[in-house]
Amino acid sequence: MLHTKRLLVVKNTIYKVLFISWMMFVTFFSLISLSGVETSGIDIPHIDKAVHFTFYFGVVVLGYLALSRRNSTIKSRSKLLWHMVLFAVCYGIIIEVLQHVATTDRHGDSLDALANSTGALVGMLAVRILFFRIPSLK
């Protein structure tokens with residue numbers, strides 16, 4: 001039993017480190033200047049929207065994994081998931097405002113905020129499908 005508890009603590013710690021690292025990654029690449037980076041070989045229309053979607057999908061999934069408790073009720077896990085979505089949407093809006101205000105060559109975009117929010121909502125759906133299964137009665 002003690003070994004299992006230790007494994008759960010390690011697993012939870014790993015998810016927390018991954019979540020914090022992901023948030024640092026998202027923040028860094030959302031606010032860094034990319035003016036000197038050569039991207040002439042990559043010309044996919046609206047690829048930045050897919051990147052925004054992926055960033056905030058990851059925020060919700062990793063945030064849920066980092067903060068959820070295995071033995072908690074479905075209601076408390078559902079509440080946590082909605083809080084993660086709200087956090088991700090607000091964080092995405094703050095980043096877009098910071099891009100407009102605090103950077104010289106980046107600008108905030110409402111379509112980026114929409115892609116962020118969509119990624120967060122799809123992340124919520126993925127978590128619900130993967131982790132909120134109702135056990136079979138068989």
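Counting begins at 1 with the first residue of the sequence.
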Correct closest heavy-atom pair for Met23 and Tyr91 would be CE-CE2, 3.4 Å
Suppose we call two aromatic rings close when their centres sit under 6.0 Å apart. Are Phe25 and Phe55 close by that rule? yes
Single-linkage hydrophobic cluster, 4.5 Å side-chain cutoff, Met84 and Val17 together: no
Q) Is Gln99 reaching over with its side chain to a backbone N or O of Ser30, donor-acceptor style, under 3.5 angstrom? A) yes
message = I'd like to know if Phe132 and Leu65 are part of one continuous hydrophobic network [Ile/Leu/Val/Met/Phe/Trp/Tyr, side-chain heavy atoms within less than 4.5 Å].
response = yes
Following the transitive rule for hydrophobic clusters with a side-chain heavy-atom cut-off under 4.5 Å over Ile, Leu, Val, Met, Phe, Trp and Tyr, establish whether Val51 and Phe28 coincide in one cluster. yes
Next on the checklist: Can a donor-acceptor pair be found, under 3.5 Å and without considering hydrogens, that links the side chain of Arg106 to the backbone of Ile32?
Outcome noted: yes
Hey, does Arg69 have a side-chain heavy atom less than 4.5 Å from the side chain of Asn12? yes
Taken to the nearest 0.5 Å, the spacing of Ile94 CD1 from Thr27 OG1 works out to 10.5 Å
- Task: Report yes if some heavy atom in the side chain of Leu81 is under 4.5 Å from a heavy atom in the side chain of Val60; otherwise report no.
- Result: yes
- Could you tell me whether a side-chain N or O of Arg77 sits under 3.5 Å from a main-chain N or O of Phe131, the two making a donor and an acceptor? yes
The reported gap from NZ in Lys49 to OG1 in Thr118 (rounded to nearest 0.5 angstrom) is 11.5 Å
Q. How about Val26 and Tyr56: do any of their side-chain heavy atoms sit closer than 4.5 Å?
A. yes
Between Ser78 and the options Met124, Arg128, His83, the side-chain contact (heavy atoms from CB on, under 4.5 Å) test singles out Arg128
Quiz item: So, do Val122 and Phe53 sit near enough that their side-chain heavy atoms are less than 4.5 Å apart?
Solution: yes
Are Phe19 and Trp22 near enough that their ring centres are under 6.0 Å apart? no
Should Met24 and Ile95 be regarded as members of a common hydrophobic cluster, given that ILVMFWY residues are connected when their side-chain heavy atoms come within less than 4.5 Å of each other, either directly or indirectly? no
In terms of heavy-atom contacts, Gly123 and Val61 come closest through O-CG2, 3.9 Å
**OP:** Tell me whether Leu18 is reachable from Ile20 by hopping between hydrophobic residues (I, L, V, M, F, W, Y) whose side-chain heavy atoms are closer than 4.5 Å.
**Re:** no
dist His100:NE2 -> Asp109:CG (nearest 0.5 Å) comes out at 11.5 Å
Any side-chain heavy-atom pair of Glu96 and Asn116 under 4.5 Å: yes
task: Using distance alone, with no hydrogens and no angle criterion, decide if Ser68 and Tyr15 have a side-chain donor and acceptor under 3.5 Å apart.
output: no
